[in-house]
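Read the structure below first, then the notes.
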Amino acid sequence: MTTLKAVRGTRDLLPPETALWNRIEATACAVFTRYNFGEIRTPVFEDTALFARGVGEETDIVSKEMYTWEDRARAQSEKPQSLTLRPENTAGVVRAYIEHKLGETGQLQKSYYIGPQFRRERPQKGRYRQFSQIGAEVIGPPSAGSESPLRDAEVLEMLATLLDELGITGWTLEINSVGSSADRARYNEVLREALIPIAPKMCVDCQRRAVTNPLRVLDCKVPEDQPIIDTLPKIVDSLDYASKTHFAAVLAALDAAGVPYTRNHRLVRGLDYYTRTTFEFTHGGLGAQNSLLGGGRYDGLSEAIGGPKAPGIGFAMGEDRLVLTLQALNQGSAQPRVDAFVAPLGDAKDEAALMRINAAALALARELRRAGLSIELGDGSFRLKKSFETADKVARRIVILGEDELQSGILTVKDFSSGTQTKVPRAELATHLSQPAAK
Ligand code: ATP
Ligand code: MG
């Protein structure tokens, strides 16, 4: 029989690495809670049309990366339906906002999510087919202040705080404004004009983009094209007064809060409902996949999927890339040792005695665990040497429980870091074990 393996682009996360994942998630929840965000959990699959409209048919995600299938009807009353594993979570959050009429509260909805996303990409380091995103969205009616540049600045300041608290040093915030859809249409024409004389010197992709979608030229990664792209007009010069003022206000608030940023004139999003602020946090430790997170404003998204006017701003961070970055910064987790290993000492040949000592060991382990200690439990059939060897790999101390200890209520405890062996009365055992290991 062929052995079955995890599907290409998916992985098992094992301890001790999962401890790092848990720490990242706990830190994110704690920070989001301080900024008054609440958790939202949307389904892992949705109607395909949601992503076609909410992410955009033109994007790489929708045009080539989605896991889509035709879901069979199970009854006469059902219709077959095209479903898709979510490639991102913003569309689901906005769908939920519309479906539950959250705009009618008149308040800003501030929600965060943590969960798996699916994209059929070419797997490589930092790029998987199932990966996890941690994201947050601020959405609401304009009367709730959802369009205010203060929302943008607050989200960015929150991200700076989160990355700092996670211990991710050396991040860079790149920021730009893509203006309104009218601004962008204007800029597209400016670019088209500017590209006419120079496009023939560029890569074939850019030659095509220069005609079909000039904005995408800014995404080109071909080294020879870079100096040419640097000479192109900048989108900031095509912004109207309102967009310029909005962007200036975002930057002023970031300056006041002391959040450092770099202007990146090439950071654009190609979709009509992405508006104004766009940003990315990058980290050098990631190599080619250097983007930790991306986000921006999407004032037209709700309307694009049939909802009311509900401007918003949000971001999605790649949790897999946070883990890689922390590991590169040597903040990965080593397997922590438990407080103690309880080693029942039995006689493998005497079944009744073995049963009794194992049962007594479980009772002792229960006592200690209920006192808040982390305990690994051995087995009475182990020889003493094997118990010691096993314990020394996973625990800070070993507690020996043989017939004598059971009768006397005095246990033998050995501390592996100091090598000292002590006798401890059972009533004092939990207190003894909770003290830091002697040096
Ligand atoms: P990239 O340029 O790396 O493809 P993207 O523009 O597709 O990123 P977004 O859709 O903005 O990324 O997603 C936000 C974040 O999610 C990214 O910055 C990245 O950290 C993470 N991410 C995206 N795709 C993957 C993937 N296939 N595997 C792991 N993380 C991913
Ligand atoms: Mg991508």
Side-chain angles (χ1 to χ4, degrees), residues 55-61 63 147-149 152-153 155-156 172-255 259-282 288 290-291 293-301 304 311 313-315:
V55 179
E57 307 264 17
E58 307 291 301
T59 58
D60 281 356
I61 294 180
S63 63
E147 280 171 305
S148 167
D152 309 41
V155 161
L156 289 163
T172 305
L173 161 56
E174 297 183 19
I175 189 168
N176 194 22
S177 173
V178 296
S180 63
S181 54
D183 294 336
R184 222 166 29 250
R186 207 162 38 240
Y187 179 57
N188 233 347
E189 287 322 304
V190 171
L191 269 188
R192 201 187 299 278
E193 284 290 314
L195 282 165
I196 293 173
I198 49 181
K201 291 180 227 140
M202 302 180 79
C203 71
V204 282
D205 281 336
C206 282
Q207 295 184 22
R208 181 175 39 80
R209 293 173 184 136
V211 181
T212 58
N213 190 356
L215 212 62
R216 291 269 76 89
V217 167
L218 302 182
D219 290 338
C220 175
K221 301 265 157 50
V222 176
E224 295 75 30
D225 286 357
Q226 303 310 308
I228 305 178
I229 295 170
D230 287 339
T231 67
L232 289 169
K234 298 180 166 60
I235 195 165
V236 62
D237 297 319
S238 294
L239 300 187
D240 67 9
Y241 179 77
S243 295
K244 269 196 181 125
T245 318
H246 193 277
F247 192 40
V250 175
L251 300 183
L254 289 177
D255 288 336
V259 176
Y261 56 84
T262 313
R263 299 273 299 272
N264 177 351
H265 295 286
R266 290 174 54 176
L267 200 65
V268 290
R269 300 246 181 182
L271 302 175
D272 280 351
Y273 36 80
Y274 282 114
T275 47
R276 298 187 168 168
T277 315
T278 54
F279 57 86
E280 213 172 289
F281 280 73
T282 56
N290 73 346
S291 166
L293 68 96
R297 211 168 237 295
Y298 44 80
D299 292 349
L301 178 53
I313 179 158
F315 62 84

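Side chains included, hydrogens not; waters and symmetry mates left out as well; all remaining heavy atoms used.
- Between the OG atom in Ser238 and the NZ atom in Lys244 there is a gap of 8.5 Å [rounded to 0.5 Å].
- From Leu267, atom CG reaches atom CD of Glu280 across 5.5 Å, with rounding to the nearest 0.5 Å.
- Every residue two or more places apart in sequence or in another chain was checked for a salt bridge (charged side-chain N to carboxylate O under 4.0 Å, His left out) with Asp225, and none qualifies.
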Before you tell me yes or no, could you show the steps for Leu156 and Ile175 under side chain to side chain contact (heavy atoms under 4.5 Å, CB included), namely the whole-Å CA-CA distance, both residues' side-chain angles and the distance that decides it to 0.1 Å? CA-CA 10 Å; Leu156 289 163; Ile175 189 168; 3.7 Å; yes
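- Applying the ring pair (Phe, Tyr, Trp, His ring centres under 6.0 Å) criterion to Phe279, with sequence neighbours excluded, gives no partner residue.
- Shortest non-hydrogen contact noted between Pro311 and Asp299 is CB-OD1, 3.3 Å.
- Without hydrogens or angle criteria, Asn176 side chain to Thr278 main chain gives no donor-acceptor distance under 3.5 Å.
- A heavy-atom distance below 4.5 Å is found between the side chains of Asn213 and Asn188.
- By the 4.0 Å N-to-carboxylate-O rule, Arg216 lies close enough to Asp219 to be salt-bridged with it.
- Nearest heavy-atom pair, Asp183 versus Ser180, reported as atom, atom and distance to 0.1 Å: OD2-N, 2.8 Å.
- For Asp60, the salt bridge (charged side-chain N to carboxylate O under 4.0 Å, His left out) partners are Lys64, not counting sequence neighbours.
- Between the side chains of Tyr261 and Asp255, at least one donor N or O sits under 3.5 Å from an acceptor N or O.
- Nearest heavy-atom pair, Ser243 versus Gly179, reported as atom, atom and distance to 0.1 Å: OG-CA, 3.7 Å.
- For residues 193-207, every residue pair satisfying the salt bridge (Lys or Arg N to Asp or Glu O under 4.0 Å) rule, not counting sequence neighbours, is listed here: Asp205-Arg208.
- Rounded to the nearest 0.5 angstrom, Tyr274 OH and Leu301 CG are separated by 6.5 Å.
- A heavy-atom distance below 4.5 Å is found between the side chains of Leu191 and Pro233.
- Under the side chain to side chain contact (heavy atoms under 4.5 Å, CB included) criterion, Ala252 pairs with no residue, sequence neighbours left out.
- The side-chain heavy atoms of Val250 and Arg276, taken from C-beta on, include no pair separated by under 4.5 Å.
- Looking only at side-chain heavy atoms (C-beta outward), Glu224 and Cys203 stay at 4.5 Å or farther from each other.
- Here Glu174 pairs with Asn264 under the side-chain hydrogen bond (donor to acceptor under 3.5 Å, both in side chains) rule; sequence neighbours left out.
- Of all non-hydrogen atoms in Ala210 and Val217, the two that sit nearest each other are N-CG2, 4.1 Å.
- At a threshold of 4.5 Å between non-hydrogen side-chain atoms, the residues Leu218 and Ile235 do not count as touching.
- Summarising the geometry of Val222 relative to Gln226, their closest heavy-atom pair is O-NE2, 2.8 Å, with the distance given to 0.1 Å.
- The shortest distance between side-chain heavy atoms of Thr277 and Val155 does not fall below 4.5 Å.
- Using a 4.5 Å heavy-atom cutoff, the side chains of Asp230 and Arg266 are in contact.
- Between His246 and Arg297, the closest side-chain pair of non-hydrogen atoms falls below 4.5 Å.
- Atom CZ of residue Arg184 and atom CG of residue Leu239 lie 10.5 Å apart, to the nearest 0.5 angstrom.
- Here the side chain of Thr231 pairs a donor or acceptor atom with the backbone of Ile228 at under 3.5 angstrom.
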